[in-house]
Amino acid sequence: MGILQDKYAGVVSAAQGAGISELQVIEQDGILYISGNASDTAGKDAVWNALGAIDASYSASDININVQVVGLVAGAALKVITESSNLNLRQEPSTEAAVVGKAAHNGQVTLVEQTNSEWWKVKNEDGVEGYAYSRYLQA
């Protein structure tokens, strides 16, 4: 086991406990890559929550998580699960990108595509498409 696998053992163990299929854990060039498929958004969230317990700001540059939710297809209805505020929809998959719309707290959006494990392109009830942070979306 490498240093990063020790540092992020809780994330790997959460992925195993959440039943992530095709789980790959590779330490390469100072970065720990964790990838696989979750059967639902709860499985994906378990992996991200484990990272949050280690790195509360989610800013670590030595880990890369790519867990996709299988079975979610374009057109799937997703619930916005922010703590209390509306969810920003952005022009690009980045917190630096311009906000193009919002989705209401506890409201619904429609999946356009799972861009990556962190950002999904969605459409709000007004028909505005944008990228939303996938941790705030639930199938």
Side-chain angles (χ1 to χ4, degrees):
M1 246 197 185
I3 294 167
L4 292 175
Q5 288 187 44
D6 287 343
K7 178 179 177 181
Y8 294 113
V11 179
V12 174
S13 134
Q16 292 165 332
I20 303 300
S21 62
E22 298 177 39
L23 179 63
Q24 293 189 1
V25 180
I26 301 166
E27 193 169 325
Q28 183 178 344
D29 301 326
I31 298 174
L32 184 65
Y33 295 89
I34 299 174
S35 64
N37 295 315
S39 59
D40 55 24
T41 50
K44 172 184 66 73
D45 291 345
V47 176
W48 283 100
N49 292 340
L51 176 60
I54 297 166
D55 174 26
S57 66
Y58 298 98
S59 61
S61 59
D62 59 356
I63 186 167
N64 179 301
I65 297 174
N66 186 14
V67 175
Q68 298 290 348
V69 180
V70 294
L72 272 186
V73 295
L78 303 171
K79 182 177 180 182
V80 176
I81 55 167
T82 51
E83 286 183 28
S84 61
S85 62
N86 289 337
L87 177 62
N88 287 331
L89 302 184
R90 297 186 178 273
Q91 191 169 14
E92 299 291 328
S94 164
T95 55
E96 308 297 314
V99 174
V100 294
K102 300 217 180 258
H105 164 69
N106 282 336
Q108 294 257 335
V109 294
T110 303
L111 179 67
V112 176
E113 70 176 10
Q114 289 185 65
T115 311
N116 59 44
S117 67
E118 289 184 70
W119 293 93
W120 292 355
K121 190 171 191 180
V122 297
K123 186 187 320 180
N124 71 8
E125 292 174 342
D126 298 328
V128 175
E129 285 190 10
Y131 294 91
Y133 198 51
S134 67
R135 290 185 47 90
Y136 298 120
L137 299 171
Q138 183 177 55

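One distance of note links CD1 of I20 with CD1 of I34; it measures 10.0 Å at 0.5 Å rounding. How far CD of E92 is from OG1 of T115: 10.0 Å, rounded to the nearest 0.5 Å. To the nearest 0.5 Å, atom CD of residue Q91 and atom OH of residue Y131 are 9.5 Å apart. Separation of atoms CD1 (I31) and OG (S61) is listed at 7.0 Å; rounding is to 0.5 Å. For the atom pair CG of L137 and CG of L111, the computed distance is 8.5 Å after rounding to the nearest 0.5 Å. Atom CG of L87 is separated from atom CG of N124 by 10.0 Å, given to the nearest 0.5 angstrom.
In terms of hydrophobic clustering, with Ile, Leu, Val, Met, Phe, Trp and Tyr side chains grouped at heavy-atom distances under 4.5 Å, V128 and W120 are assigned to a common cluster.
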Validation: residues 102-109 side-chain donor-acceptor distances under 3.5 Å, sequence neighbours left out:
{"unit_1": "K102", "atom_1": "NZ", "unit_2": "N88", "atom_2": "OD1", "d": "2.4"}
{"unit_1": "H105", "atom_1": "ND1", "unit_2": "T82", "atom_2": "O", "d": "2.9"}
{"unit_1": "H105", "atom_1": "ND1", "unit_2": "T82", "atom_2": "OG1", "d": "3.1"}

Donor-acceptor pairs are to be reported for all side-chain atoms of residues 43-54 against protein atoms at under 3.5 Å, with residues two or more places apart or in another chain.
{"unit_1": "K44", "atom_1": "NZ", "unit_2": "S134", "atom_2": "O", "d": "3.1"}
{"unit_1": "K44", "atom_1": "NZ", "unit_2": "S134", "atom_2": "OG", "d": "3.4"}
{"unit_1": "N49", "atom_1": "OD1", "unit_2": "R135", "atom_2": "NH1", "d": "3.3"}
{"unit_1": "N49", "atom_1": "OD1", "unit_2": "R135", "atom_2": "NH2", "d": "2.8"}
{"unit_1": "N49", "atom_1": "ND2", "unit_2": "D45", "atom_2": "O", "d": "3.2"}

Under 3.5 Å donor-acceptor pairs involving side-chain atoms of residues 62-70, not counting sequence neighbours:
{"unit_1": "D62", "atom_1": "OD1", "unit_2": "Y8", "atom_2": "OH", "d": "2.5"}
{"unit_1": "D62", "atom_1": "OD2", "unit_2": "K7", "atom_2": "NZ", "d": "2.8"}
{"unit_1": "N66", "atom_1": "OD1", "unit_2": "Q68", "atom_2": "NE2", "d": "3.2"}

Show me the donor-acceptor pairs, under 3.5 Å and distance only, between side chains in residues 11-19 and residues at least two apart or in other chains.
none

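Applying the side chain to side chain contact (heavy atoms under 4.5 Å, CB included) rule to S57 yields the partners D55, S59; only residues at least two apart in sequence or on another chain are considered. Taking W119 as the reference, Y133 meet the ring-ring contact (aromatic ring centres under 6.0 Å, His included) condition, with sequence neighbours excluded.
Although no hydrogens or angles enter the test, the distance criterion places a donor-acceptor pair under 3.5 Å between the side chain of R90 and the main chain of T95. In terms of modelled atom types and a separation under 3.5 Å, the side chain of E27 and the main chain of Q5 share a donor-acceptor contact. Judged purely by atom type and a 3.5 angstrom limit, D40 uses its side chain to pair as donor or acceptor with the backbone of A42.
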